[in-house]
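The structure that follows is given in the form of structure tokens.
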Amino acid sequence: MIELRRVSFAYPQRPVLTEVSAVLAEQRIGIVGGNGSGKSTLARLINGLVRPTGGQVLVDGLDTHRDLKQVRRRVGFVFQDPDLQIVMPTVAEDLAFSLRPRKLPADQVRQRVEQTLAAYGLQEHADHPAHLLSGGQKQLLALAAVLITEPAIMVLDEPTTLLDLRNRRAVMRVVAGLPQQVVLVTHDLDVLADFDRVLVIDEGRIVADDTPGPALAAYRRLAEV
Amino acid sequence: MIELRRVSFAYPQRPVLTEVSAVLAEQRIGIVGGNGSGKSTLARLINGLVRPTGGQVLVDGLDTHRDLKQVRRRVGFVFQDPDLQIVMPTVAEDLAFSLRPRKLPADQVRQRVEQTLAAYGLQEHADHPAHLLSGGQKQLLALAAVLITEPAIMVLDEPTTLLDLRNRRAVMRVVAGLPQQVVLVTHDLDVLADFDRVLVIDEGRIVADDTPGPALAAYRRLAEV
Amino acid sequence: MLSLYQPGTSPVHRCPAWVKLLAMLVLGTAAFFLTDLRVLGAGLAVVIGAYAVARIPIAAAWKLLRGVLVMLVIVVLAQGLLGDWPTAAQVGIRLLLVIGLANLITLTTTQTAIVDTVERIATPLRVFGVRPDRIGLLIALVFRFIPVIATEAARVREAHEARGVRPGLSYLAPLVIRTLRMADGLGEALEVRGVGEDDPPRRRGARVRG
Amino acid sequence: MRPKDIALIALFTALMCVLGLTPRIQLPLLPAPFTAQTLGVILAGGILGARRGFASMALFVLLVAIGAPVLVGGVGGLGMILGPTGGFIIAYPFGALVTGLLIERWWPKLNYLTAFLAGFIGGALVLYVIGQPWLITVSAKVSLADGWWSWIVYLPGDLIKTAIAAGIIVTVKKAYPLITPRRTDATPAAA
Ligand SMILES: Nc1ncnc2c1ncn2[C@@H]1O[C@H](COP(=O)(O)OP(=O)(O)OP(=O)(O)O)[C@@H](O)[C@H]1O
Ligand SMILES: Nc1ncnc2c1ncn2[C@@H]1O[C@H](COP(=O)(O)OP(=O)(O)OP(=O)(O)O)[C@@H](O)[C@H]1O
Ligand SMILES: O=C(O)CCCC[C@@H]1SC[C@@H]2NC(=O)N[C@@H]21
Ligand SMILES: [Mg+2]
Ligand SMILES: [Mg+2]
């Protein structure tokens, strides 16, 4: 469960979020809003990538200020551009890289990597250079590299914008099947249709918070003006 | 008019397009296809940013190999990421930058810049640092910076993927109003509804070439498998 | 943006950039042949007078000098302790004179004026395939890239943190690769906007790289 | 020079400026500070190759000269170039040039060791050879022999920077090669 308590965030001389409060307990939560409205900042706050300048962010009761390390283990984060997330040269190495902080014995790492490769249909590519994968495969790898650490919550910041129809579907299929709680930031409103709850952000505030139907209607009205 | 005559293109050891032929004379032409299918390469060929390794690309009868300079002046190109297209620090300077190769007298440059600023609603921002514009304004500036050179054909490679609903609409409204021939590469199939013709690319070949209805249906079928 | 220029209308400000650069060259060279402390001292006084004529705020002059001063003190101390003190004084005054003069030019000349002068001076380099008229564009691009690199660095660091990995050296290579890709993108945008149009034609079917 | 080369040249100059945001670490009794910027010199030569690497570092020197505060510790201006450490600054383009030439020559079988060697020769030795005599001439009449060996102090730092740069150069060669190899019958490097 994610709890935002009067959360504010500002870059030097640029307020981004102002006193946002919300309790996010649903399994599937969407976040939409205009460019620069503060969606990515909100997503980053949940993972502790940025810390609030005012208020508190709690994940399962843990404060991102005080308990950063535990929060990080609990919350997985996937970015828009898979190229940014892939660190190691080959697919298998990149998956293993995620397990480093766990300091597991080598054979356990290998086993986990093999399981994960199989789960996301990447077995054949285990020793391929990661940057030669297709866009969709890269994004799947980025997802897998986060899921291998078994986070309790997944935060995804526009994970499909650079993808084509097929890759987008492949990624969304994987996301739909996740047992975790999912927070998804996206400009692709169609994928939110069967979500439990959608937040609409505008100029650093939550301006709508509802089931997808009414929330997306509110966002569309906002974009008219 | 754009003519592709058995055009092939390969990166060292990686064929991208194979013997593509087409005559593109319609006002509004869409290009869709999977990631890595060769769409951007095709768009780049039209502008001479890359030259075919086999066959010929002709723009109004001019060969991109032989008459590169004239082709460039005739074909304007807009990319996905507006941040990378803006070169000079302020909005007005960036527009003026496009006119440099023309070697026009200073007052004529100023006049053209002012007209263009007005045409795209950017007057107020003339002396603003370009990087402080919103995403949509940046993409409009990128468009304006190309249109100021009065190209006969506009090629746009996913100009709206990074934009939100409102900015996407603003850009598409400007594109819809252009008197030029437009070639638009996009993953956003909705915007192609009232185009004259849509090409579907798959693995470096044109696999469908029709009015939007049937062409997009073919693309959707392709994405199923 | 990244400039140390102090706007003004004094004779020093209005003096053409090439004259100032030439004066710098002549005086700078001369200073190295002068050993008489009185002559060097007089030269330094002239330079200080020029600061007054140009009405340079002391804070601005100090900001520029501060960086060099630490080095200067070290040099003079080392010379005095390892060698003799008269030479130390000579070295100190000489450096102060030359650096003071150079800083005065930096403070009273716009970057544009210097770039224009450099472009003109560099014209003979054309025979080596250098394009002096590109210098202004290059500088504009450097200033464009600085914040981009900073943002990308933050992005790559975040991507590491999000995976619970402390960002160490492993983050430099991804950062370089990403910025290289961005430079490629920007290069294409430049090409589309007519940069390089007036270059001599290149070999047909020349190598293509992404 | 293609537009792409222009962008790449500017990029590495900008990288130098970013490295310039690090503090100026001054050692007692030595005028030259420890600087992170030699890392940029090695990377420019090792990733862009000799020609573009040289151009990029020459542009950096020009920026310093026109008064941009882009040296470590946020200093700049003609004064720095004419100052005691000016020789090192002037040497940056030549360091990149030498590293670039070596990398181009060894390109087909480039490995960590050869990259390290190329980086060290260009990004450290060349700088010492040009910068150290300059430092001694400009700053004092201390006999050449007395001041000459003070560069030893920078050696550990320079070895570490070279080690880092070599790792990056080898990785970038795998992931995003920009250099075309130089042969003895050479076609121009930055084709
Ligand atoms: N590192 C930074 N320094 C200063 N301002 C920043 C920084 N990162 C983001 N901002 C600003 O914060 C605001 C919110 O940014 P954020 O990335 O959260 O927006 P967003 O809703 O995700 O937009 P988009 O849809 O374009 O991704 C914007 O105005 C942005 O310019
Ligand atoms: N510089 C390059 N060097 C080698 N291969 C490249 C280069 N640029 C692109 N490719 C490859 O060429 C193929 C076609 O690329 P292209 O960019 O045309 O695809 P696209 O259809 O535009 O894909 P997307 O929808 O992801 O933008 C891909 O397999 C890509 O990996
Ligand atoms: O910023 C400056 O003033 C230039 C400093 C030059 C320092 C030299 S470069 C080679 C050697 N290695 C270092 O780390 N410092 C010196
Ligand atoms: Mg965002
Ligand atoms: Mg593309």
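Given the structure is predicted, the values throughout are model-derived calculations rather than measurements. Protein chains get the first letters and strands the later ones, always in sequence-line order, with residue 1 at the start of each.
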Legend entry - Portion of C:L141 that has a non-hydrogen atom of chain B nearer than 4.5 angstrom: side chain

Inset, instruction - For residues B:L84 and C:A189, report the shortest heavy-atom separation together with the two atoms involved. - result: O-CB, 3.6 Å

Inset, instruction - Could you note down all residue pairs passing side-chain hydrogen bond (donor to acceptor under 3.5 Å, both in side chains) where residues 171-184 of chain B supplies at least one of them, sequence neighbours left out? - result: none

Inset, instruction - Output yes when a side-chain donor or acceptor of C:R193 lies under 3.5 Å from a complementary backbone atom of B:L99, and no otherwise. - result: no

Inset, instruction - Please say whether more than 12 non-hydrogen atoms of neighbouring residues, nucleotides or ligands are located less than 6.0 Å from CD in B:Q27. - result: yes

Legend entry - Segment of B:D157 engaging chain C (4.5 angstrom heavy-atom cut-off): neither

Legend entry - side chain to side chain contact (heavy atoms under 4.5 Å, CB included) between C:L190 and B:F97, worked out: CA-CA 10 Å; C:L190 287 176; B:F97 177 79; 4.0 Å; yes

Legend entry - Distance, nearest 0.5 Å, that separates CG of B:D83 from CE of C:M182: 7.0 Å

Inset, instruction - Take C:V192 and B:R72 through the test side chain to side chain contact (heavy atoms under 4.5 Å, CB included) and record every step on the way to the result. - result: CA-CA 7 Å; C:V192 160; B:R72 284 274 166 79; 5.7 Å; no

Inset, instruction - Can you tell which part of B:F77 gets under 4.5 Å to a heavy atom of chain C, answering side chain, backbone, both or neither? - result: both

Inset, instruction - Take C:L137 and B:V87, measure what side chain to side chain contact (heavy atoms under 4.5 Å, CB included) needs, and give me the verdict at the end. - result: CA-CA 9 Å; C:L137 171 63; B:V87 179; 3.9 Å; yes

Legend entry - C:E191 CD to B:L49 CG distance, which is reported to the nearest 0.5 Å: 5.0 Å

Inset, instruction - Could you tell me which portion of B:S98 (side chain, backbone, both or neither) has an atom closer than 4.5 angstrom to a non-hydrogen atom of chain C? - result: both

Inset, instruction - For B:R110, enumerate each residue passing the salt bridge (charged side-chain N to carboxylate O under 4.0 Å, His left out) test, keeping only those at least two apart in sequence or located in another chain. - result: none

